[in-house]
Amino acid sequence: MSHPDLTLTALDGVTRIGSGKVRELYAVGDQLLLVATDRVSAFDVVLPTPIPDKGKVLTGITAFWLRDVLADVVPNHLVTTDPAGFPPALAPVAEQLRGRTSLCRRAQMLPLECVARGYLAGSGWKEYRAGGTVCGIPLPAGLAESAQLPEPIFTPATKATEGHDENISFEQAAEIVGADTAARLRALTLELYRRAHDHAAERGIILADTKFEFGVIDGELVLCDEVLTPDSSRFWPADDYEPGRGQASFDKQIVRDWLETLDWDKRPPAPDLPAAIVERTRARYVEVYERLTERPFSAWTGA
């Protein structure tokens, strides 16, 4: 299911409230239904070719972290991923939803991306190379690309409806959500990162950086949205890690690398992906699921 219509909006009490590059959002009564499709984007363009089971990997990994690893750090919005626990109105499409859908409590979302960085990569590496800082935070001189930072740092960003999020300083984040909330978000983000980093490291994976989203439910700060997936994080194989260069990663890097070989201007329409690229990318997503959860992907049913 890559571009699901699902006819959900034809069901009583189901209202479509949003559509992203990968996910579809629906309101069901006072709850939220997050459906992760198999769509894949690169260079901010949604590609015409889906990656089979990608949505199930994202949903399964998020559920694993929320239930099994991070539940004692901060409350979260997940109610269930088992269609048997979904509202009766969704019964006609239960099997289409299985494995790729999360029923959640609705939260008042905070307008920040809460990013934790433990290694020097991506936009952080570009900024450091230019001026020795990451999101305005001074770092020691002489660090190489992909180097581990002396300690993880919190680098918030504003949410972008299109294109890339914009990195901001902690002080700017405090102006947006208030000083107390910003401090709490920083503490939670870094604790979640450390917990996940240690879990991944024990399984031969480096968590270089990740982003979280938080909301408020009944006055309580809760963790929301997808969590520690290959789409929201940089996961690197530890046995191939070498500072001083870019790293292989457990995500759609295979797709991006192939697209870079083409004479494509990175604007729609995007080219179709060859079957071999699709197969290799799917295998990469499944591998990180199985290594992090220590469970066979074939056993994931969304329950």
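- Partners of Q31 by side chain to side chain contact (heavy atoms under 4.5 Å, CB included), not counting sequence neighbours, listed by chain and number: V79, P87, L103.
- For T155, the side chain to side chain donor-acceptor pair (under 3.5 Å) partners at least two apart in sequence or on another chain are R117.
- Residues that satisfy the side chain to side chain contact (heavy atoms under 4.5 Å, CB included) test with R245, not counting sequence neighbours, are D240, E242, Q247.
- Atom NZ of K126 is surrounded by 12 or fewer heavy atoms from other residues, nucleotides or ligands within 6.0 Å.
- With sequence neighbours excluded, the residues that form a ring pair (Phe, Tyr, Trp, His ring centres under 6.0 Å) with F64 are H199.
- Using modelled atom types, one side-chain atom of R195 and one backbone atom of V69 make a donor-acceptor pair closer than 3.5 Å.
- Between the side chains of T59 and T62, no donor-acceptor pair of N or O atoms lies under 3.5 Å.
- E213 meets the side chain to side chain contact (heavy atoms under 4.5 Å, CB included) test with M109, E113, K159, D225; sequence neighbours excluded.
- The minimum heavy-atom distance between L139 and V134, with the atom names listed, is CD1-CG2, 3.4 Å.
- Between T101 and T81, every side-chain heavy-atom pair lies at or beyond the 4.5 Å cut-off.
- Remark: aromatic rings of W125 and Y119 are distant, center separation not under 6.0 Å.
- Smallest separation of non-hydrogen atoms from I168 and C135: O-CB, 4.2 Å.
- Among residues at least two apart or in separate chains, there is no side chain to side chain donor-acceptor pair (under 3.5 Å) pair with a member in residues 181-191.
- One finds a salt bridge joining R291 and E287 here, because a Lys/Arg side-chain nitrogen approaches an Asp/Glu carboxylate oxygen to under 4.0 Å.
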